[in-house]
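Read through the structure below, which is laid out as structure tokens, and then see the notes.
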Amino acid sequence: MSAPSKKTLAKPGVKNIVLVDGVRTPFLQSGTTYADLMPHDLARAALQGLLNRTGLPKDAVDYIVYGTVIQEVKTSNVAREAALGAGFSDKTPAHTVTMACISSNQAMTTAVGLIAAGQCDAVVAGGVEFMSDVPIRHSRKMRKTMLSLNKAKTLGARLSLLGSIRLAHLSPELPAVAEFSTAETMGHSADRLAAAFGVSRLEQDEFALRSHTLAKKAQDGGMLSDVISFKVPGRDIVSKDNGIRPATMEQLAKLKPAFIKPHGTVTAANSSFLTDGASAVLIMSEEKALAMGYKPKAYLRDFVYVSQDPKDQLLLGPTYATPKVLEKSGLTLNDIDVFEFHEAFAGQIMANLKAMESDWFAQTYMGRKTKVGAPPMEKFNTWGGSLSLGHPFAATGCRLVTTVAHRLQKEGGQYGLVAACAAGGQGHAMVIEAYPQ
Amino acid sequence: MASVRLLVTRSGCTALKAITARTHVSYEVKDNVAVVRINDPTSKVNTLGRHMQAELVEVINEIWGNSAVKSAVLISSKPGSFIAGADLNMFQACKTAEEVSYLLQAGQKMFEQIEKSPIPFVAAINGSCLGGGLEFAIACQYRIATKSKKTILGTPEVMLGLLPGAGGTQRLPKMVGLPAAFDMMLTGRNIKADKAKKMGLVHQLVEPLGPGLKSAEERTIEYLEEVAVDFAKGLTGKKVTVEKKKGLMQKVQDFVMGLPPVRKQIYKTVHNKVMKQSKGLYPAPLKIIECVQTGIEKGNAAGYLSESENFGKLAMTSVSRALIGLFYGQVACKKNHFGQPEREVKKLAVLGAGLMGAGIAQVTIDKGVATILKDTTEEGLARGQQQVYKGLNDKTKKKSLTTFERDRIMSLLSGQLDYRGFENADMVIEAVFEDLSIKHKVVKEVEAVIPPHCIFATNTSALPIKDIAAASKRPEKLIGMHYFSPVDKMQLLEIITTSKTSKDTTASAVAVGLKQGKVIIVVGDGPGFYTTRCLAPMLAEAVRALQEGVGPKKLDSLTTGFGFPVGAATLADEVGIDVAAHVAEDLGKAFGTRFGGGNVEVLKMMVQKGFKGRKSGKGCYVYGAKSKEKKVNSGAEDILKSFKLTAPPAVSADEDIQYRLVSRFVNEAVLCLQEGILPDPVQGDIGAVFGLGFPPCLGGPFRFVDSYGADKLVQKMKHFEEAYGNQFTPCQLLLDHAKDSSKRFHK
């Protein structure tokens with residue numbers, strides 16, 4: 001481990017905030033071993049895992065923030081239910097945030113804000129997504145009838161309401177991974193984005209294969225130390241992600257496009273899959289961490305949120321966020337040792353890389369003088385990414401940050417960069433600095 | 001293959017053949033696919049003119065001669081236009097029907113060659129694919145279209161009094177079925193890409209792309225080409241099949257259409273429907289039916305011949321000339337002839353949330369301009385806001401707008417009761433009650449709160465603008481903007497300038513109108529300006545006819561029979577009897593007995609009884625009940641009886657009544673030109689047709705004089721003058737034209 005050669009990003013008058021540690025449950029394809037759980041069960045597992053890993057006294061936590069995207073209506077504040085279930089003090093408040101695929105990034109930066117404002121010293125942040133069960137609703141017509149039924153006073157009124165039910169009332173409303181504003185599904189938008197940037201099917205399949213190959217290597221090499229073992233009630237102990245499947249290019253080439261047919265390029269294999277999983281991190285002020293005898297893993301430094309056109313630039317968040325956060329930190333792309341970008345689709349990553357490499361795009365759409373440049377691949381998602389490890393929407397952010405911290409430690413780098421896109425045409429990036437060893 | 005090449009017609013290209021470098025059509029071969037790109041460098045849209053056609057024939061011949069080419073893609077390099085149709089000038093330059101037919105036959109042959117091409121052609125469509133452009137596309141073996149909002153397919157020829165003359169009447173019925181083909185060709189409606197796919201008009205859709213390493217437009221065309229090339233290869237390699245699997249409904253329909261008696265019934269039904277709607281005044285729809293029928297019943301050769309011959313005949317009709325004149329006039333009235341205004345109007349305020357005010361607000365926010373809608377009462381404001389919301393929400397029901405877009409547009413509207421925000425307004429349009437003292441009060445109130453650069457526009461249908469401007473401290477910033485109701489449906493905007501209105505104010509008003517999607521005429525000031533002034537004498541004559549015992553129904557059938565889309569009695573109800581009374585009285589005072597005829601007291605009495613037209617449920621007719629048959633209002637009939645006049649038999653035949661109505665309209669229009677209220681006959685025709693429903697088949701009052709003959713019209717008027725007096729005295733300009741038949745309003 002070489003000593004950091006570059007300057008520290010500490011700013012005068014700004015509190016140093018550190019990542020003490022981070023864990024996650026294994027990320028499983030939805031409908032597999034976690035199928036019978038509820039979202040807060042998974043969140044509970046991640047929280048308990050964090051307590052075990054850090055040995056943190058349960059009452060030392062000032063606040064808990066958790067992210068989730070598809071909400072289980074019974075546990076709409078899933079943070080509180082999970083915290084109580086995980087045995088945290090009932091005196092520790094908890095709230096839930098949502099910002100699509102960057103929900104746990106939002107949870108972490110909320111924690112950073114609470115600490116920076118001097119309101120808290122130790123905050124647990126995390127995210128959970130449970131796609132094995134999603135809220136499927138009665139149709140609006142049916143709901144209206146059922147609600148009126150509650151108010152109907154007489155048998156006659158009730159019967160006449162029941163009599164008004166038609167076949168159309170019975171068709172359920174399924175949730176879709178689609179933009180409310182444009183009604184376009186995300187895969188469809190990703191396919192158009194890939195086409196807009198001229199990303200070929202081959203490039204996408206190659207990137208997907210790279211993700212799976214690197215993830216397999218990292219898994220086999222024991223790099224994914226943030227994964228905790230989880231005894232699933234009624235089932236076996238789960239301790240590994242189950243979506244990592246390196247295939248051959250020929251196998252990938254055989255798949256038909258999943259969204260734009262028949263000429264599209266986004267397939268099931270070069271997209272991230274529906275995943276169940278939860279993650280959690282412990283964030284503290286540096287003083288508090290040191291006072292409690294912790295050896296922090298990294299500093300959480302500057303971060304930005306960006307947003308853009310939800311139709312044609314839905315998934316370009318990283319392109320917009322990266323130069324902005326680098327500027328804030330006074331860094332250039334070359335200063336960054338470790339890149340962890342959320343891989344929603346191989347086509348989305350390739351499109352972002354091309355956009356970041358384009359002066360024309362930077363000038364025309366971002367109001368910048370020059371391009372920021374694309375990250376070198378040898379520093380980019382080298383332990384796999386969302387395509388292979390899985391993508392439980394609200395849990396991915398913590399995985400990215402923890403992975404950066406671990407990779408900085410392993411590889412001896414000093415600065416890491418996390419970037420992610422999110423539904424709604426939003427994005428996020430954060431600069432992370434290794435904690436001196 | 002050689003024989004195929006020789007067959008291709010080379011008519012019209014003798015002068016351009018060979019040597020000269022091609023300017024409109026180019027091609028390159030990619031992977032054995034010839035990509036033919038069309039781009040008319042002289043225009044924003046591609047049209048099939050002699051030059052384009054000649055180059056296309058050349059290129060296609062070269063492609064057929066190149067054995068390395070296995071398939072071809074036809075695409076436009078122009079964003080927003082595949083091929084918008086045939087070049088109209090080409091037909092207008094022809095002297096005889098035969099000449100036109102000959103041109104058509106050349107086009108028919110070219111498309112027939114493509115249809116029978118030994119290699120498949122893929123039409124890659126982005127933007128307008130209309131008329132001859134669509135006929136070209138449907139001659140190709142495969143069609144791919146972008147789902148862009150700009151992509152529209154259609155056969156609008158009927159709207160120009162023509163028919164799809166390059167194989168359209170022959171191929172469309174086979175492609176989309178008889179009923180859909182008739183619907184397309186007889187209405188001329190635009191079809192969006194996804195509908196076209198459902199109809200079987202295109203095989204494949206391509207999503208428009210956002211920006212990438214190039215602009216969205218440029219990249220979308222490139223992508224369309226890439227996809228089309230892939231499909232072209234697929235067609236050659238038999239991986240893509242042209243035939244669509246037919247569903248059960250389709251099979252049933254095909255079977256039914258295969259039965260001659262069924263087809264006969266369809267021709268008859270369609271024919272009757274056309275006769276009912278067009279009153280036999282428009283020859284094109286009937287010819288379309290004839291061409292389709294000939295092709296199906298007697299075979300292709302007869303069909304093509306019927307198509308080219310009928311097209312030639314139609315091109316020589318006055319109806320087609322009138323409709324084409326309107327088309328060009330409309331294009332001319334969609335330009336700002338007053339230059340770029342100094343400041344763009346970014347914030348507009350509308351006073352009065354009534355029918356007009358809310359309508360103006362709706363068409364303004366619809367184009368992204370922030371708009372204040374101010375009223376004096378909460379009820380009035382709520383009604384206006386609901387009108388705007390409903391107008392937009394109806395679009396979401398028709399799927400031309402998403403609910404999200406609707407919400408974004410609505411967010412630009414600020415409904416309020418006070419003058420908050422007027423200090424930032426760039427233009428104020430007042431649409432308050434038509435009363436000079438109220439208008440004066442409003443001018444003063446508004447001028448106290450608006451910034452110096454802000455333009456004050458008044459939406460009035462009859463009050464002279466200079467009278468309103470009398471209350472203004474800054475008359476150079478004051479202008480009239482006369483909208484027509486319902487504002488979101490009526491295309492016309494009449495802009496009225498006073499002698500004091502500055503040019504920049506006019507430029508700005510025109511710019512706003514154009515943004516609102518309006519067809520604009522700019523006229524001089526005076527009582528009733530142009531449109532209201534023409535309408536008033538006709539309505540006065542209508543009232544006289546009613547007093548003379550012509551019932552509202554008879555009056556309506558006489559006017560619609562002449563080509564007015566709305567009958568005179570119904571029109572009065574739509575405009576509002578109170579408005580009509582108001583206008584008749586005001587203009588009667590201003591112009592004297594020339595505007596006489598019917599007794600204004602008839603209208604006043606009707607208003608007194610609450611018969612204000614459709615809005616009050618009763619006018620000439622009774623409204624409200626959902627029955628199809630409109631009932632004449634017996635109360636109105638009683639009033640008419642009490643004002644009964646004796647009809648002079650010499651001028652009371654049906655045709656006389658029609659010409660009494662029309663000649664007063666036309667004479668007043670010509671007088672407006674004579675007096676300089678109207679700058680030119682084109683704007684006069686556009687204003688009359690788009691604002692007042694003057695028969696489109698006549699092309700407007702001025703074109704009507706040209707085609708009917710000023711001398712004949714003057715003769716008729718003199719005959720009426722004998723019976724009724726000065727209401728029928730022809731104006732000097734009309735007399736001049738009557739004396740000298742070489743004088744024409746249109747070339």
Are more than 12 heavy atoms, taken from residues, nucleotides or ligands other than Lys311(A), located less than 6.0 Å from that residue's NZ atom? yes
Is the number of heavy atoms from other residues, nucleotides or ligands under 6.0 Å of Lys346(B) NZ greater than 12? no
Check Ser358(A) against Leu213(B) and note the closest heavy-atom contact, atom names and distance. CB-CD2, 3.5 Å
Hey, is the main chain of Glu207(B) close enough, under 3.5 Å, to the side chain of Arg192(A) for a donor-acceptor pair? no
Could you walk me through whether Phe404(B) and Thr182(A) pass the side-chain contact (heavy atoms from CB on, under 4.5 Å) check? CA-CA 7 Å; Phe404(B) 185 73; Thr182(A) 63; 5.7 Å; no
Determine whether more than 12 heavy atoms belonging to other residues, nucleotides or ligands lie under 6.0 Å from atom NZ of Lys379(A). yes
More than 12 heavy atoms from other groups under 6.0 Å of NZ on Lys324(A): no
What closest approach, in Å, do Tyr365(A) and Ser215(B) show between heavy atoms, and which atom pair accounts for it? OH-CA, 4.3 Å
Looking at chain B, which one of Ser189(A), Ala355(A), Pro262(A), Ala351(A) has the largest number of heavy-atom pairs inside 4.5 Å, strictly under? Pro262(A)
Close side-chain approach of His263(A) and Phe231(B), heavy atoms under 4.5 Å: yes
Could you give the distance from CZ (Phe180(A)) to OG1 (Thr402(B)), rounded to the nearest 0.5 Å? 9.5 Å
Take a 6.0 Å sphere around CZ of Arg408(B) and say whether it holds more than 12 heavy atoms from other residues, nucleotides or ligands. no
More than 12 non-hydrogen atoms from neighbouring residues, nucleotides or ligands closer than 6.0 Å to CD on Gln340(B), yes or no? no
How about Pro211(B) and Gln313(A): do any of their side-chain heavy atoms sit closer than 4.5 Å? yes
More than 12 non-hydrogen atoms from neighbouring residues, nucleotides or ligands closer than 6.0 Å to NE2 on His138(A), yes or no? no
Honestly, the part of Glu222(B) sitting under 4.5 Å from a heavy atom of chain A is neither
